[in-house]
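Worksheet: the structure to be examined is printed underneath.
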Amino acid sequence: MGSTSAHNNEGLGRRDLIKRSAALGLIAVPTMSFLSACASSDSGGDEKVDKGKKTDKNPLGVNDSAPLEIVIFDGGFGTQYAQDAKAVYEKTYPKAQIKFSSTQKIRSQLQPRFNGGTPPDLIDNSGAEQMDMGVLVGKKQLTDLTPLLDAASIDDPSKKVRDTLRPGIVEMGQFDGDPVWIMYYAYTVYGVWYSQTALEKLDATYPENWDDMLALCAKAKKKGIAGWTYAGKHPYYIPFSLYPFIAKIGGREVLDAIDNLEPNAWKHPAVKAAFEAYYELFKKGYILKGTPSIDHIQSQTAWTKGKALFIPNGSWVENEASKTMPADFKLSVGAPSGLDGSDKLPFGTIWASGGEPFIVPKSAKNPDGGMEQLRIMLSEASSKNFTQSVKSLTALNGGTDGIELTPGLTSASAALEKAGANVVNPRLQDWYVKLQKEQIGVAGLGEMMAGRATPAETIKKIQGFADAAAKDQSIKHYKHQ
(Lines give C-alpha, C1' and ligand atoms only; values in the text may rest on other atoms or scores of the structure.)
Protein backbone atom coordinates (compact mmCIF):
# COMPACT_ATOMS: atom_id res chain seq x y z
CA MET A 1 0.00 0.00 0.00
CA GLY A 2 2.99 2.30 0.02
CA SER A 3 6.04 2.86 2.14
CA THR A 4 6.04 4.21 5.65
CA SER A 5 9.00 6.45 5.04
CA ALA A 6 7.11 9.58 4.08
CA HIS A 7 6.45 10.54 7.68
CA ASN A 8 9.82 12.01 8.56
CA ASN A 9 8.98 15.58 9.56
CA GLU A 10 9.51 14.90 13.23
CA GLY A 11 11.38 18.18 13.65
CA LEU A 12 8.34 20.18 12.63
CA GLY A 13 5.67 21.12 15.13
CA ARG A 14 2.21 19.82 14.42
CA ARG A 15 0.84 23.31 13.93
CA ASP A 16 3.67 23.95 11.44
CA LEU A 17 2.48 20.93 9.51
CA ILE A 18 -1.03 22.34 9.53
CA LYS A 19 0.16 25.70 8.22
CA ARG A 20 2.22 24.01 5.58
CA SER A 21 -0.70 21.88 4.45
CA ALA A 22 -3.03 24.87 4.48
CA ALA A 23 -1.66 25.73 1.08
CA LEU A 24 -3.66 22.80 -0.19
CA GLY A 25 -6.89 24.62 0.54
CA LEU A 26 -10.15 22.87 1.23
CA ILE A 27 -10.88 19.85 -0.85
CA ALA A 28 -14.16 18.14 -1.16
CA VAL A 29 -15.17 14.86 0.21
CA PRO A 30 -16.15 11.79 -1.69
CA THR A 31 -19.73 10.81 -1.76
CA MET A 32 -19.77 7.15 -1.70
CA SER A 33 -23.08 5.71 -1.00
CA PHE A 34 -22.93 3.12 -3.59
CA LEU A 35 -23.56 0.01 -1.58
CA SER A 36 -25.42 -1.92 -4.15
CA ALA A 37 -26.85 -3.67 -1.14
CA CYS A 38 -30.36 -2.87 -2.18
CA ALA A 39 -30.93 -3.75 -5.75
CA SER A 40 -34.56 -3.31 -6.65
CA SER A 41 -36.60 -0.44 -5.30
CA ASP A 42 -40.26 -1.25 -4.71
CA SER A 43 -40.57 -4.86 -5.69
CA GLY A 44 -44.08 -5.31 -4.37
CA GLY A 45 -45.11 -8.45 -2.54
CA ASP A 46 -48.17 -9.61 -0.68
CA GLU A 47 -50.84 -7.06 0.15
CA LYS A 48 -50.67 -5.26 3.47
CA VAL A 49 -52.88 -6.28 6.35
CA ASP A 50 -56.12 -4.41 6.88
CA LYS A 51 -55.97 -1.28 9.00
CA GLY A 52 -57.33 -1.40 12.51
CA LYS A 53 -59.51 1.18 14.20
CA LYS A 54 -57.75 4.23 15.61
CA THR A 55 -58.50 4.86 19.28
CA ASP A 56 -56.86 6.77 22.12
CA LYS A 57 -55.01 3.60 23.08
CA ASN A 58 -54.33 2.61 19.48
CA PRO A 59 -53.35 5.90 17.78
CA LEU A 60 -51.69 4.16 14.84
CA GLY A 61 -54.74 2.08 14.02
CA VAL A 62 -52.95 -1.25 14.46
CA ASN A 63 -54.79 -4.36 13.31
CA ASP A 64 -54.95 -6.22 16.61
CA SER A 65 -55.06 -9.67 15.00
CA ALA A 66 -52.49 -9.17 12.24
CA PRO A 67 -49.22 -11.13 12.35
CA LEU A 68 -46.02 -9.21 13.01
CA GLU A 69 -42.44 -10.17 12.11
CA ILE A 70 -39.44 -8.66 13.90
CA VAL A 71 -35.74 -9.25 13.17
CA ILE A 72 -33.17 -7.95 15.66
CA PHE A 73 -29.41 -7.62 15.27
CA ASP A 74 -27.76 -9.80 17.90
CA GLY A 75 -24.79 -7.65 18.83
CA GLY A 76 -23.50 -5.66 21.77
CA PHE A 77 -26.97 -5.07 23.18
CA GLY A 78 -28.18 -8.64 22.81
CA THR A 79 -31.86 -9.27 22.11
CA GLN A 80 -33.56 -9.60 25.50
CA TYR A 81 -34.65 -5.94 25.57
CA ALA A 82 -36.46 -6.45 22.24
CA GLN A 83 -38.04 -9.67 23.43
CA ASP A 84 -39.30 -7.88 26.53
CA ALA A 85 -40.87 -5.16 24.35
CA LYS A 86 -42.38 -7.89 22.15
CA ALA A 87 -44.04 -9.35 25.24
CA VAL A 88 -45.73 -5.99 25.85
CA TYR A 89 -47.04 -6.01 22.27
CA GLU A 90 -48.36 -9.55 22.77
CA LYS A 91 -50.14 -8.51 25.96
CA THR A 92 -51.62 -5.45 24.25
CA TYR A 93 -52.67 -7.36 21.14
CA PRO A 94 -53.17 -10.98 22.30
CA LYS A 95 -54.68 -12.08 18.98
CA ALA A 96 -51.53 -11.17 17.05
CA GLN A 97 -48.98 -13.85 16.22
CA ILE A 98 -45.44 -12.54 16.38
CA LYS A 99 -42.45 -14.08 14.66
CA PHE A 100 -39.27 -12.95 16.39
CA SER A 101 -35.75 -13.80 15.24
CA SER A 102 -32.22 -12.48 15.61
CA THR A 103 -29.07 -12.59 13.52
CA GLN A 104 -25.68 -11.01 12.98
CA LYS A 105 -26.08 -11.45 9.21
CA ILE A 106 -28.60 -8.70 8.57
CA ARG A 107 -27.64 -8.01 4.94
CA SER A 108 -27.11 -11.64 3.93
CA GLN A 109 -30.44 -12.76 5.34
CA LEU A 110 -32.66 -9.77 4.65
CA GLN A 111 -31.44 -8.22 1.41
CA PRO A 112 -32.92 -10.99 -0.72
CA ARG A 113 -36.24 -10.52 1.07
CA PHE A 114 -36.14 -6.76 0.41
CA ASN A 115 -35.46 -7.38 -3.25
CA GLY A 116 -38.25 -9.94 -3.37
CA GLY A 117 -40.75 -7.62 -1.71
CA THR A 118 -41.24 -9.80 1.40
CA PRO A 119 -39.24 -8.13 4.21
CA PRO A 120 -40.08 -8.32 7.93
CA ASP A 121 -42.20 -5.59 9.52
CA LEU A 122 -39.49 -4.24 11.82
CA ILE A 123 -35.72 -4.58 11.51
CA ASP A 124 -32.82 -3.57 13.74
CA ASN A 125 -30.48 -2.76 10.84
CA SER A 126 -27.14 -2.82 12.61
CA GLY A 127 -23.77 -4.56 12.75
CA ALA A 128 -21.01 -5.31 10.27
CA GLU A 129 -23.61 -6.52 7.76
CA GLN A 130 -25.82 -3.47 8.06
CA MET A 131 -27.79 -2.67 4.92
CA ASP A 132 -26.88 0.71 3.43
CA MET A 133 -29.32 3.27 4.79
CA GLY A 134 -28.64 5.76 2.03
CA VAL A 135 -29.44 3.17 -0.61
CA LEU A 136 -32.58 2.00 1.19
CA VAL A 137 -33.84 5.57 1.40
CA GLY A 138 -32.75 6.46 -2.12
CA LYS A 139 -34.57 3.47 -3.59
CA LYS A 140 -37.70 4.26 -1.58
CA GLN A 141 -37.63 0.96 0.29
CA LEU A 142 -38.50 2.34 3.74
CA THR A 143 -41.70 3.51 5.45
CA ASP A 144 -41.87 7.12 6.56
CA LEU A 145 -42.08 6.98 10.37
CA THR A 146 -43.80 10.36 10.72
CA PRO A 147 -47.08 8.68 11.84
CA LEU A 148 -45.16 7.11 14.73
CA LEU A 149 -43.59 10.43 15.70
CA ASP A 150 -46.95 12.20 15.60
CA ALA A 151 -48.72 9.46 17.58
CA ALA A 152 -49.47 9.91 21.27
CA SER A 153 -46.74 8.63 23.55
CA ILE A 154 -47.60 5.71 25.80
CA ASP A 155 -46.65 7.46 29.03
CA ASP A 156 -48.31 10.81 28.35
CA PRO A 157 -51.01 10.81 25.64
CA SER A 158 -50.93 14.61 25.65
CA LYS A 159 -47.42 14.42 24.14
CA LYS A 160 -46.46 13.19 20.73
CA VAL A 161 -43.70 10.57 20.54
CA ARG A 162 -41.45 13.10 18.79
CA ASP A 163 -41.70 15.42 21.81
CA THR A 164 -40.29 12.74 24.13
CA LEU A 165 -37.07 12.11 22.19
CA ARG A 166 -33.53 13.33 22.77
CA PRO A 167 -32.29 16.25 20.64
CA GLY A 168 -31.08 15.16 17.21
CA ILE A 169 -32.85 11.79 17.08
CA VAL A 170 -35.53 12.89 14.62
CA GLU A 171 -33.01 14.73 12.45
CA MET A 172 -30.78 11.66 12.27
CA GLY A 173 -33.60 9.71 10.70
CA GLN A 174 -34.05 12.33 7.98
CA PHE A 175 -32.08 12.32 4.76
CA ASP A 176 -33.80 14.88 2.55
CA GLY A 177 -36.68 16.97 3.78
CA ASP A 178 -39.24 16.12 6.45
CA PRO A 179 -39.81 12.34 6.17
CA VAL A 180 -38.15 10.28 8.90
CA TRP A 181 -36.93 6.92 7.65
CA ILE A 182 -35.04 5.56 10.65
CA MET A 183 -35.63 5.42 14.39
CA TYR A 184 -32.33 5.25 16.22
CA TYR A 185 -33.22 3.56 19.48
CA ALA A 186 -30.01 3.69 21.50
CA TYR A 187 -28.23 6.92 22.32
CA THR A 188 -24.56 6.27 21.88
CA VAL A 189 -21.56 8.18 23.19
CA TYR A 190 -18.47 7.54 21.08
CA GLY A 191 -14.95 8.29 22.18
CA VAL A 192 -11.78 6.96 23.75
CA TRP A 193 -12.72 4.35 26.36
CA TYR A 194 -10.38 3.43 29.19
CA SER A 195 -10.06 2.04 32.69
CA GLN A 196 -9.72 4.69 35.36
CA THR A 197 -8.07 2.04 37.50
CA ALA A 198 -5.41 1.47 34.85
CA LEU A 199 -4.61 5.17 34.72
CA GLU A 200 -4.46 5.38 38.50
CA LYS A 201 -1.90 2.56 38.55
CA LEU A 202 0.24 4.70 36.25
CA ASP A 203 -0.35 7.76 38.45
CA ALA A 204 -1.89 9.41 35.41
CA THR A 205 -5.01 11.31 34.37
CA TYR A 206 -6.75 11.28 31.01
CA PRO A 207 -4.63 13.40 28.59
CA GLU A 208 -6.28 16.53 27.22
CA ASN A 209 -3.73 17.20 24.45
CA TRP A 210 -1.75 15.04 22.06
CA ASP A 211 1.66 15.64 23.59
CA ASP A 212 0.31 14.39 26.92
CA MET A 213 -1.31 11.42 25.15
CA LEU A 214 2.03 10.42 23.62
CA ALA A 215 3.81 10.90 26.94
CA LEU A 216 1.31 8.64 28.71
CA CYS A 217 1.63 6.00 26.00
CA ALA A 218 5.41 6.11 26.41
CA LYS A 219 5.04 5.67 30.17
CA ALA A 220 2.72 2.71 29.67
CA LYS A 221 5.07 1.13 27.13
CA LYS A 222 7.82 1.04 29.73
CA LYS A 223 5.47 -1.03 31.89
CA GLY A 224 4.76 -3.43 29.05
CA ILE A 225 1.35 -1.92 28.31
CA ALA A 226 0.29 -0.71 24.87
CA GLY A 227 -1.21 2.73 24.57
CA TRP A 228 -3.98 1.78 22.13
CA THR A 229 -5.77 -1.10 20.50
CA TYR A 230 -8.77 -1.15 18.15
CA ALA A 231 -10.88 -3.51 16.08
CA GLY A 232 -8.26 -4.28 13.45
CA LYS A 233 -10.62 -6.32 11.29
CA HIS A 234 -13.21 -3.56 11.56
CA PRO A 235 -11.13 -0.36 11.51
CA TYR A 236 -14.20 1.79 10.91
CA TYR A 237 -14.27 1.89 14.73
CA ILE A 238 -11.28 4.26 14.57
CA PRO A 239 -13.45 7.23 13.47
CA PHE A 240 -15.37 7.04 16.74
CA SER A 241 -12.55 9.09 18.23
CA LEU A 242 -10.85 10.34 15.05
CA TYR A 243 -13.81 12.25 13.61
CA PRO A 244 -14.48 14.38 16.71
CA PHE A 245 -10.70 14.90 16.92
CA ILE A 246 -10.83 16.37 13.41
CA ALA A 247 -13.77 18.57 14.42
CA LYS A 248 -11.95 19.75 17.53
CA ILE A 249 -8.93 20.79 15.46
CA GLY A 250 -10.71 22.42 12.54
CA GLY A 251 -14.33 22.97 13.58
CA ARG A 252 -17.50 20.99 12.91
CA GLU A 253 -17.70 22.48 9.41
CA VAL A 254 -14.85 20.18 8.38
CA LEU A 255 -16.98 17.13 9.16
CA ASP A 256 -19.98 18.70 7.44
CA ALA A 257 -17.91 19.17 4.27
CA ILE A 258 -16.82 15.54 4.46
CA ASP A 259 -20.42 14.39 4.91
CA ASN A 260 -21.55 16.58 2.02
CA LEU A 261 -18.88 15.06 -0.24
CA GLU A 262 -17.57 18.51 -1.08
CA PRO A 263 -14.48 18.61 -3.31
CA ASN A 264 -11.20 18.16 -1.43
CA ALA A 265 -12.83 17.94 2.00
CA TRP A 266 -10.39 15.24 3.09
CA LYS A 267 -7.46 17.51 2.24
CA HIS A 268 -8.37 20.03 4.90
CA PRO A 269 -5.39 20.75 7.19
CA ALA A 270 -7.32 19.51 10.22
CA VAL A 271 -7.69 16.08 8.59
CA LYS A 272 -3.98 15.95 7.80
CA ALA A 273 -3.08 16.96 11.36
CA ALA A 274 -5.37 14.34 12.88
CA PHE A 275 -4.09 11.58 10.58
CA GLU A 276 -0.49 12.53 11.36
CA ALA A 277 -1.22 12.39 15.08
CA TYR A 278 -2.80 8.93 14.92
CA TYR A 279 0.00 7.69 12.69
CA GLU A 280 2.43 8.63 15.46
CA LEU A 281 0.82 5.95 17.60
CA PHE A 282 1.94 3.37 15.06
CA LYS A 283 5.38 4.88 14.43
CA LYS A 284 6.24 5.07 18.10
CA GLY A 285 5.07 1.52 18.78
CA TYR A 286 2.12 2.48 20.95
CA ILE A 287 -0.39 0.16 19.23
CA LEU A 288 -0.89 -3.29 20.77
CA LYS A 289 1.04 -5.82 18.72
CA GLY A 290 -1.21 -7.86 16.46
CA THR A 291 -4.06 -5.34 16.57
CA PRO A 292 -4.57 -5.19 12.75
CA SER A 293 -5.52 -8.88 12.70
CA ILE A 294 -8.04 -8.97 15.59
CA ASP A 295 -11.74 -8.18 15.65
CA HIS A 296 -13.80 -6.00 17.99
CA ILE A 297 -14.31 -8.71 20.62
CA GLN A 298 -10.63 -9.71 20.66
CA SER A 299 -9.47 -6.09 20.91
CA GLN A 300 -11.94 -5.38 23.71
CA THR A 301 -10.83 -8.50 25.57
CA ALA A 302 -7.16 -7.53 25.31
CA TRP A 303 -8.10 -4.06 26.55
CA THR A 304 -10.15 -5.29 29.52
CA LYS A 305 -7.27 -7.59 30.45
CA GLY A 306 -5.00 -4.56 30.74
CA LYS A 307 -2.91 -5.09 27.62
CA ALA A 308 -3.77 -1.61 26.29
CA LEU A 309 -4.96 1.64 27.87
CA PHE A 310 -7.29 3.07 25.23
CA ILE A 311 -9.77 1.84 22.65
CA PRO A 312 -12.03 3.84 20.29
CA ASN A 313 -15.56 2.57 20.78
CA GLY A 314 -19.18 3.36 21.55
CA SER A 315 -21.07 3.12 24.81
CA TRP A 316 -22.30 -0.37 23.95
CA VAL A 317 -18.84 -1.58 24.93
CA GLU A 318 -19.84 -1.69 28.62
CA ASN A 319 -22.35 -4.42 27.89
CA GLU A 320 -20.46 -6.15 25.09
CA ALA A 321 -17.22 -6.46 27.09
CA SER A 322 -18.86 -7.11 30.46
CA LYS A 323 -17.85 -10.78 30.61
CA THR A 324 -14.14 -9.94 30.63
CA MET A 325 -14.25 -6.59 32.43
CA PRO A 326 -12.90 -6.73 36.02
CA ALA A 327 -15.19 -5.49 38.77
CA ASP A 328 -12.72 -2.72 39.66
CA PHE A 329 -12.18 -1.60 36.04
CA LYS A 330 -13.91 1.80 36.54
CA LEU A 331 -14.94 2.10 32.90
CA SER A 332 -14.69 5.66 31.57
CA VAL A 333 -14.92 7.51 28.28
CA GLY A 334 -12.81 10.46 27.26
CA ALA A 335 -13.41 13.01 24.57
CA PRO A 336 -10.57 13.07 22.02
CA SER A 337 -7.37 14.61 23.31
CA GLY A 338 -6.84 17.91 21.53
CA LEU A 339 -3.95 18.71 19.22
CA ASP A 340 -2.89 21.97 20.89
CA GLY A 341 -4.22 25.27 22.19
CA SER A 342 -5.21 26.60 18.78
CA ASP A 343 -7.87 23.95 18.18
CA LYS A 344 -11.17 25.45 17.04
CA LEU A 345 -13.30 23.63 19.62
CA PRO A 346 -12.61 23.07 23.34
CA PHE A 347 -11.60 19.88 25.06
CA GLY A 348 -14.71 17.88 25.70
CA THR A 349 -15.91 17.94 22.08
CA ILE A 350 -17.35 14.49 21.54
CA TRP A 351 -19.41 12.42 19.12
CA ALA A 352 -22.80 11.37 20.48
CA SER A 353 -25.83 10.37 18.46
CA GLY A 354 -28.54 7.85 17.92
CA GLY A 355 -27.48 4.26 17.50
CA GLU A 356 -29.16 0.93 16.80
CA PRO A 357 -31.20 1.98 13.74
CA PHE A 358 -34.67 0.48 13.43
CA ILE A 359 -36.49 0.53 10.09
CA VAL A 360 -39.93 -0.44 8.82
CA PRO A 361 -39.71 -1.63 5.19
CA LYS A 362 -42.11 0.03 2.75
CA SER A 363 -43.26 -3.34 1.45
CA ALA A 364 -43.78 -4.79 4.95
CA LYS A 365 -47.17 -6.46 5.38
CA ASN A 366 -47.81 -4.84 8.76
CA PRO A 367 -46.02 -1.47 8.91
CA ASP A 368 -48.42 -0.12 11.54
CA GLY A 369 -47.51 -3.05 13.78
CA GLY A 370 -43.82 -2.34 13.25
CA MET A 371 -44.31 1.30 14.25
CA GLU A 372 -46.43 0.28 17.24
CA GLN A 373 -43.62 -1.96 18.48
CA LEU A 374 -41.30 1.06 18.29
CA ARG A 375 -43.87 3.16 20.19
CA ILE A 376 -43.81 0.54 22.93
CA MET A 377 -40.01 0.53 22.96
CA LEU A 378 -40.04 4.33 23.38
CA SER A 379 -42.10 4.10 26.57
CA GLU A 380 -40.42 4.86 29.89
CA ALA A 381 -40.78 1.25 31.05
CA SER A 382 -39.08 -0.22 27.97
CA SER A 383 -36.44 2.49 28.00
CA LYS A 384 -35.56 1.83 31.62
CA ASN A 385 -35.45 -1.89 30.94
CA PHE A 386 -33.00 -1.30 28.07
CA THR A 387 -30.78 1.00 30.12
CA GLN A 388 -30.69 -1.35 33.10
CA SER A 389 -30.08 -4.48 31.07
CA VAL A 390 -27.59 -3.30 28.45
CA LYS A 391 -26.01 -0.28 30.16
CA SER A 392 -26.91 2.26 27.48
CA LEU A 393 -29.14 5.29 27.17
CA THR A 394 -32.08 5.26 24.75
CA ALA A 395 -33.57 7.81 22.38
CA LEU A 396 -36.16 8.65 25.06
CA ASN A 397 -35.20 11.93 26.69
CA GLY A 398 -35.13 10.73 30.29
CA GLY A 399 -36.10 7.30 31.46
CA THR A 400 -33.24 7.04 33.95
CA ASP A 401 -35.02 8.19 37.11
CA GLY A 402 -34.52 5.68 39.88
CA ILE A 403 -31.86 3.77 37.99
CA GLU A 404 -28.40 3.36 39.48
CA LEU A 405 -26.16 4.20 36.56
CA THR A 406 -23.20 1.93 35.82
CA PRO A 407 -19.65 3.36 35.69
CA GLY A 408 -19.71 3.59 31.89
CA LEU A 409 -23.10 5.29 31.81
CA THR A 410 -22.06 7.66 34.57
CA SER A 411 -18.93 8.60 32.63
CA ALA A 412 -20.85 8.95 29.35
CA SER A 413 -23.43 11.20 31.00
CA ALA A 414 -20.65 13.34 32.48
CA ALA A 415 -18.96 13.55 29.07
CA LEU A 416 -22.20 14.78 27.49
CA GLU A 417 -22.62 17.38 30.21
CA LYS A 418 -19.05 18.60 29.72
CA ALA A 419 -19.47 18.75 25.95
CA GLY A 420 -22.56 20.92 26.17
CA ALA A 421 -23.17 22.27 22.67
CA ASN A 422 -19.92 20.75 21.40
CA VAL A 423 -21.45 17.44 20.37
CA VAL A 424 -20.76 16.44 16.77
CA ASN A 425 -22.70 13.95 14.67
CA PRO A 426 -20.94 12.79 11.48
CA ARG A 427 -23.41 11.27 9.01
CA LEU A 428 -21.18 9.17 6.74
CA GLN A 429 -21.93 5.98 8.62
CA ASP A 430 -25.63 6.16 7.81
CA TRP A 431 -25.56 8.14 4.54
CA TYR A 432 -22.80 6.15 2.81
CA VAL A 433 -22.19 2.86 4.59
CA LYS A 434 -19.83 1.30 2.05
CA LEU A 435 -17.74 4.44 1.84
CA GLN A 436 -17.48 4.65 5.61
CA LYS A 437 -16.83 1.01 6.43
CA GLU A 438 -15.13 -0.68 3.50
CA GLN A 439 -13.24 2.26 2.01
CA ILE A 440 -12.48 4.92 4.61
CA GLY A 441 -12.31 2.27 7.33
CA VAL A 442 -10.79 -0.93 5.97
CA ALA A 443 -8.98 0.26 2.84
CA GLY A 444 -7.96 3.63 4.26
CA LEU A 445 -7.52 3.94 8.02
CA GLY A 446 -6.95 0.21 8.48
CA GLU A 447 -3.94 0.31 6.17
CA MET A 448 -2.55 3.49 7.72
CA MET A 449 -2.81 2.31 11.32
CA ALA A 450 -1.17 -0.97 10.36
CA GLY A 451 1.74 1.01 8.92
CA ARG A 452 1.11 -0.05 5.34
CA ALA A 453 0.30 3.48 4.14
CA THR A 454 1.33 6.97 5.22
CA PRO A 455 -1.16 9.68 6.18
CA ALA A 456 -0.55 11.46 2.86
CA GLU A 457 -1.16 8.27 0.90
CA THR A 458 -4.25 7.53 2.96
CA ILE A 459 -5.75 10.96 2.49
CA LYS A 460 -5.19 10.75 -1.27
CA LYS A 461 -6.79 7.32 -1.38
CA ILE A 462 -9.81 8.30 0.71
CA GLN A 463 -10.29 11.47 -1.31
CA GLY A 464 -10.36 9.29 -4.41
CA PHE A 465 -13.05 7.08 -2.89
CA ALA A 466 -15.06 10.15 -1.95
CA ASP A 467 -14.71 11.76 -5.35
CA ALA A 468 -15.86 8.57 -7.04
CA ALA A 469 -18.90 8.43 -4.79
CA ALA A 470 -19.71 12.08 -5.44
CA LYS A 471 -19.68 11.47 -9.18
CA ASP A 472 -21.65 8.23 -9.03
CA GLN A 473 -25.10 9.12 -10.31
CA SER A 474 -26.45 5.67 -9.48
CA ILE A 475 -26.54 6.52 -5.78
CA LYS A 476 -28.52 9.06 -3.81
CA HIS A 477 -26.47 11.91 -2.37
CA TYR A 478 -27.30 13.78 0.82
CA LYS A 479 -26.28 17.07 2.39
CA HIS A 480 -26.61 18.76 5.75
CA GLN A 481 -29.65 21.03 5.64
Side-chain angles (χ1 to χ4, degrees), residues 76-77 188-232 234-235 237-242 244-245 278 281-282 284-291 294-338 347-348 350-352 387 390-393 404-419 449:
F77 294 136
T188 302
V189 176
Y190 303 96
V192 182
W193 292 80
Y194 64 97
S195 162
Q196 182 62 37
T197 300
L199 295 194
E200 290 170 356
K201 289 179 179 178
L202 290 171
D203 193 26
T205 57
Y206 183 81
E208 295 190 8
N209 63 66
W210 204 249
D211 285 334
D212 288 347
M213 170 61 77
L214 295 177
L216 178 53
C217 289
K219 187 175 185 179
K221 187 177 182 180
K222 291 179 180 178
K223 301 285 188 179
I225 303 169
W228 286 61
T229 188
Y230 57 90
H234 311 298
Y237 278 50
I238 296 169
F240 295 155
S241 59
L242 180 62
F245 184 35
Y278 270 49
L281 296 174
F282 161 75
K284 295 180 181 296
Y286 298 154
I287 303 290
L288 179 66
K289 187 176 181 180
T291 287
I294 59 179
D295 64 17
H296 58 301
I297 298 299
Q298 292 169 316
S299 61
Q300 288 166 186
T301 300
W303 166 68
T304 56
K305 290 184 175 181
K307 296 181 180 179
L309 291 181
F310 303 113
I311 189 169
N313 221 312
S315 44
W316 62 79
V317 71
E318 185 165 22
N319 188 61
E320 194 168 60
S322 61
K323 291 181 180 179
T324 60
M325 192 175 293
D328 64 348
F329 196 74
K330 295 183 184 178
L331 178 65
S332 301
V333 61
S337 306
F347 175 72
I350 203 164
W351 179 1
T387 298
V390 307
K391 308 177 181 69
S392 176
L393 301 172
E404 183 177 350
L405 297 183
T406 59
L409 271 178
T410 300
S411 179
S413 298
L416 286 173
E417 185 175 351
K418 181 174 180 60
M449 296 305 291

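The residues of the chain are indexed from 1 along the displayed sequence. Keep in mind that this is a model prediction, so the values were computed, not measured.
Every pair passing side-chain hydrogen bond (donor to acceptor under 3.5 Å, both in side chains) that includes a residue from residues 308-320 is listed here, sequence neighbours excluded: Q300-N313, Q300-E320, N313-W316, E318-T406.
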Might you work through the side chain to side chain contact (heavy atoms under 4.5 Å, CB included) test for T188 and W351, ending with a clear yes or no? CA-CA 8 Å; T188 302; W351 179 1; over 6 Å; no
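Remark: F329 engages W303 in a ring pair (Phe, Tyr, Trp, His ring centres under 6.0 Å) (not counting sequence neighbours). Scored by the ring pair (Phe, Tyr, Trp, His ring centres under 6.0 Å) test, H234 finds Y236, H296 as partners (sequence neighbours excluded). Here S241 pairs with Y278 under the side-chain hydrogen bond (donor to acceptor under 3.5 Å, both in side chains) rule; sequence neighbours left out. Applying the side-chain hydrogen bond (donor to acceptor under 3.5 Å, both in side chains) rule to N209 yields the partners D212; only residues at least two apart in sequence or on another chain are considered. Qualifying side-chain hydrogen bond (donor to acceptor under 3.5 Å, both in side chains) partners for K330, counting only residues two or more places apart in sequence or in other chains: E200. With sequence neighbours left out, the side-chain contact (heavy atoms from CB on, under 4.5 Å) criterion links E208 to F347. Residues satisfying the side-chain hydrogen bond (donor to acceptor under 3.5 Å, both in side chains) criterion with S392, sequence neighbours excluded, are absent altogether.
The environment of D328 atom CG is dense: over 12 non-hydrogen atoms of other residues, nucleotides or ligands sit within 6.0 angstrom.
Closest heavy-atom contact between P326 and T304: CD-O, 3.5 Å. Across all non-hydrogen atoms, the minimal contact from F245 to G338 is CE1-C, 3.8 Å.
The line from OG1 of T410 to CD of E404 is 8.5 Å long, rounded to the nearest 0.5 Å.
Within the 3.5 Å criterion, the main-chain N or O of T301 finds no donor-acceptor partner in the side chain of T324.
Note on ring orientation: taking the six-membered ring where Trp is involved, the planes of Y194 and Y206 are parallel (angle under 30°, cut-offs 30° and 60°).
Proximity of P207 to F310: side-chain heavy atoms (C-beta onward) are separated by under 4.5 Å at one or more points. In this structure the side chain of M449 never reaches within 4.5 angstrom of the side chain of W228, judged on heavy atoms. In this structure, P244 and I350 have side chains that are not in contact, with every pair of non-hydrogen atoms separated by 4.5 Å or more.
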Using distance only, find each side-chain donor-acceptor pair of residues 216-226 under 3.5 Å and give its atom names and separation, not counting sequence neighbours.
from	atom 1	to	atom 2	distance (Å)
K219	NZ	L202	O	2.6
K221	NZ	K284	O	3.1

